[in-house]
Structure formats: C-alpha cells, structure tokens
Amino acid sequence: MQQTVSIKVTPTSKSKIESVDWENLPFGKVFSDHMLVMDYKDGAWQEAEIVPFGPIEMHPAMSAIHYGQSIFEGMKANRTVDGDVVIFRPDMNAKRFIESCERMCMPTIPEDLFTELVRKLVEVEKDWIPSKEGYSLYIRPFLFATDEFIGIKPSETYRFMIFTCPVGAYYSEPVNVLIEEFYTRASEGGVGRAKVAGNYGASLFPARKGQARGYHQLLWTDGKTHSYVEESGTMNVCFVIDGKLVTPSEDSDTILRGVTKRSVVELAKHWGMPVEERKVTVAEIVEANKNGSLTEAFGAGTAATIAHIAKIGYRDTDLVLPSIESRDFSNKVHAYLDDMKAGKVEDPFGWILKV
Ligand code: COI
C-alpha cells in the first residue's frame, strides 16, 4: 500500500539547473535545487518539508558529530525512453534503512513513508534527471542525531534529509582492488551490515594506503582470519568461477546487503545460471585465477553500478583478469539493468517504481 502524505514544498527562487555542465557530471559534486527535511522530536516524526537546497545550521554539541549516530542510503532515479520517471527498488533501501536505524538506536521510518518521501522529492526534481546514457539522479537519504548534549546515550531528536545529485559513473574505468589482510572493515557483532557513516570514515586510512600502491579500492576480508572475501570499498563483490556466479553470502553481520548485488543474484538465477552465495576464500580466488576458471570479477553497488574488476592485488602480486569484452555475464547484467531503468525491457520482477 502506498502511503500518501502531504508535504509542504517551498520552491527555490533561483534554479541552478542552467549552470550545469550535463556532459561532464562528476559523481556527487552537483546538487539539485531542493532537499527534503523531516525532524523527529517528542517521540514522533514531524511534518516533512521540501525546501531550497542549502546549508543547515547545527549546534556544536550535536550528538551525531561526536558519537556517530548517522546513517544513509543511496538509490537512483532515471528517465525512461517513454519519458517516465522511475526509481529502482526503493523498497529495498527503505527496508535496509530500517535495519540501520534499529542497529544504531535511531527511530525507524516506515517503509511506505520512506518510499513516498523519496518519490515526492524526485517528482519535484525530475528536471534534474540527466538524459545521457549511463547517467542518473542519485538520491541520498540520511538520518542523524541532533541532541545538543555531550553525554553518551541515544539521541532523542533526529533530522532526516534527502537530497539528489545528477551523476555520471562513480568509476570511469575498470577498477583495481587490493586484498586487505590487516585492517578490518567490520567484525561479527559490529555494524558492518548497517549503512553507518562511520563504516566509511574508518575505511579511509586503509583505502589510502591501497591507493598509494595504485589500487582504486580495497577488497575487504573477514576481521578474524582475513581469509574470506567480504566486500569492496563502495560495493559488494561477485565472481564468475567455472560458469557459476559466486558471491560472499550476507548471513553475517559484516556485509552490507546490497540492492544491486541482490538484483544481480536474482537475475542470474532467472537466467538459469548456477549461483553460490557462500563464504568465499581468498585462496580459491587466487587458485581460480591461476587455473583460468576465474573469468569475471565485478563490484555491484548503486553508485558503482556494475564495476568490472581488472586486477586483484594479493600481497606482492597482481591477479590479472580476462579482458572486459570477454565477460559475458557482467556485461549482460549491466546492460539489462540499464535497459530496465531506461524502460527498454520489461520489468517482470516489479523492481521499478514509477514516480
Ligand atoms: C552507494 O552506492 O549508494 C553508496 O552508498 C556507496 C558510496 C557512494 C558511499
């Protein structure tokens, strides 16, 4: 059931849309004209408002800054070839947002309300959806604690916001990833499964060390033994080994439940490809590369979409993967997801929300 909410909209007096260079959109640096704001206080969500995009005021003791009660989501809107505005699987993000809220002691937003707030802002910002192929309107919902108090306890007040950015690809080329065997992104019982701001902050230092060695991202391994592959910096990770789609299962607390990755798994099954969601060892990836059975490796994420992995750094060597052109599955799944968002193929799964 779709929730209907009345949202006050205060339009901007001066749109920035004319100043956008639509041919050169860096990821996450161009912001559309409006944002949605909804506060939580006295144990209840207040009315949501859409207001001109701009800076927000904050108290120096605002608890999110000090103790990190801060979570976010990412999704995308596109315009189809028929001119419809669509959002890809926002219900999945809404569910994951609830999980993140619960893990961080934050008030949840009901799935229908979350989806409706996203839909409404996209409706207001629909002219900001880029028309160039492979481009989208990235949607960033986020929630942070706003108590003006420096004692440690869950905040009693919060602010939920959504803004949007017209974006191109997050990665403009196939990525090189480095298997990380010392630093840990997440450990069992931690917050790795939630989309918590601090997970990303904590990954910056190890990622910078990898970048200094020429890699775009790290390929994280489990915190206990560093022998199982988990996910990469901005995306989940998938492999094609012996014609099977192999990807780390999300049973543990340590892997983010990716919407794109779930869609990849569901499509592979739909197309009759064998899928193994299970623990994946570093040793088997090294061995599969050596014996030629590792034919594809890619990241899957909202921002990253399907990002081919060209090279996997392992200790002092590089596992070089087959050419991008030869990668039948990841090329097919990438094209299919793009086509679905562009309305060029049917959506038999009910993944597309028309705005
Ligand atoms: C996304 O794919 O939406 C993400 O949140 C990853 C990244 C931009 C932090």
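Whatever order the structure lists ligands and atoms in, that order sets their numbers, starting from 1.
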Heavy atoms of other groups near [X] [atom1], more than 12 under 6.0 Å:
{"X": "Phe329", "atom1": "CZ", "answer": "yes"}
{"X": "Lys153", "atom1": "NZ", "answer": "yes"}
{"X": "Ile150", "atom1": "CD1", "answer": "no"}

Give yes or no for whether the N/O distance cutoff of 3.5 Å, strictly under, is met between Tyr200 and ligand 1.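 No - when backbone and side-chain N and O of Tyr200 are compared with those of ligand 1, no distance drops under 3.5 Å.
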Close N or O approach (Ala303, ligand 1; < 3.5 Å):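 Min N/O separation from ligand 1 is below 3.5 Å for Ala303.
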Structural part of Arg140 in contact with ligand 1, heavy atom criterion under 4.0 angstrom: side chain
Taking only heavy atoms of Phe72 into account, list the atoms of ligand 1 that are under 4.0 Å away from them. 5 (O)
Which ligand 1 atoms does Gly74 reach within 4.0 Å, using its non-hydrogen atoms? 3 (O)
Looking at ligand 1, is there an atom of it that comes within less than 4.0 Å of some heavy atom belonging to Met75? no
Tell me, please: is Lys195 in heavy-atom contact with ligand 1, that is, under 4.0 Å? yes
Is the shortest distance from a Lys or Arg side-chain nitrogen in Arg315 or Glu181 to a carboxylate oxygen in the other one below 4.0 Å? yes
Tell me: protein heavy atom nearest atom 6 (C) of ligand 1, and distance?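 Minimum-distance protein heavy atom for atom 6 (C) of ligand 1 reads Thr234 O, 3.9 Å.
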Top protein contact for atom 1 (C) of ligand 1, by heavy-atom distance: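 Atom 1 (C) of ligand 1 sits closest to the protein heavy atom Tyr138 OH, 3.4 Å.
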Identify whether NZ of Lys or CZ of Arg in [X] sits under 6.0 Å from the centre of the six-membered ring of [Y] and within 45° of that ring's axis.
{"X": "Lys279", "Y": "Tyr228", "answer": "yes"}
{"X": "Lys76", "Y": "Phe88", "answer": "no"}
{"X": "Lys332", "Y": "Trp271", "answer": "yes"}

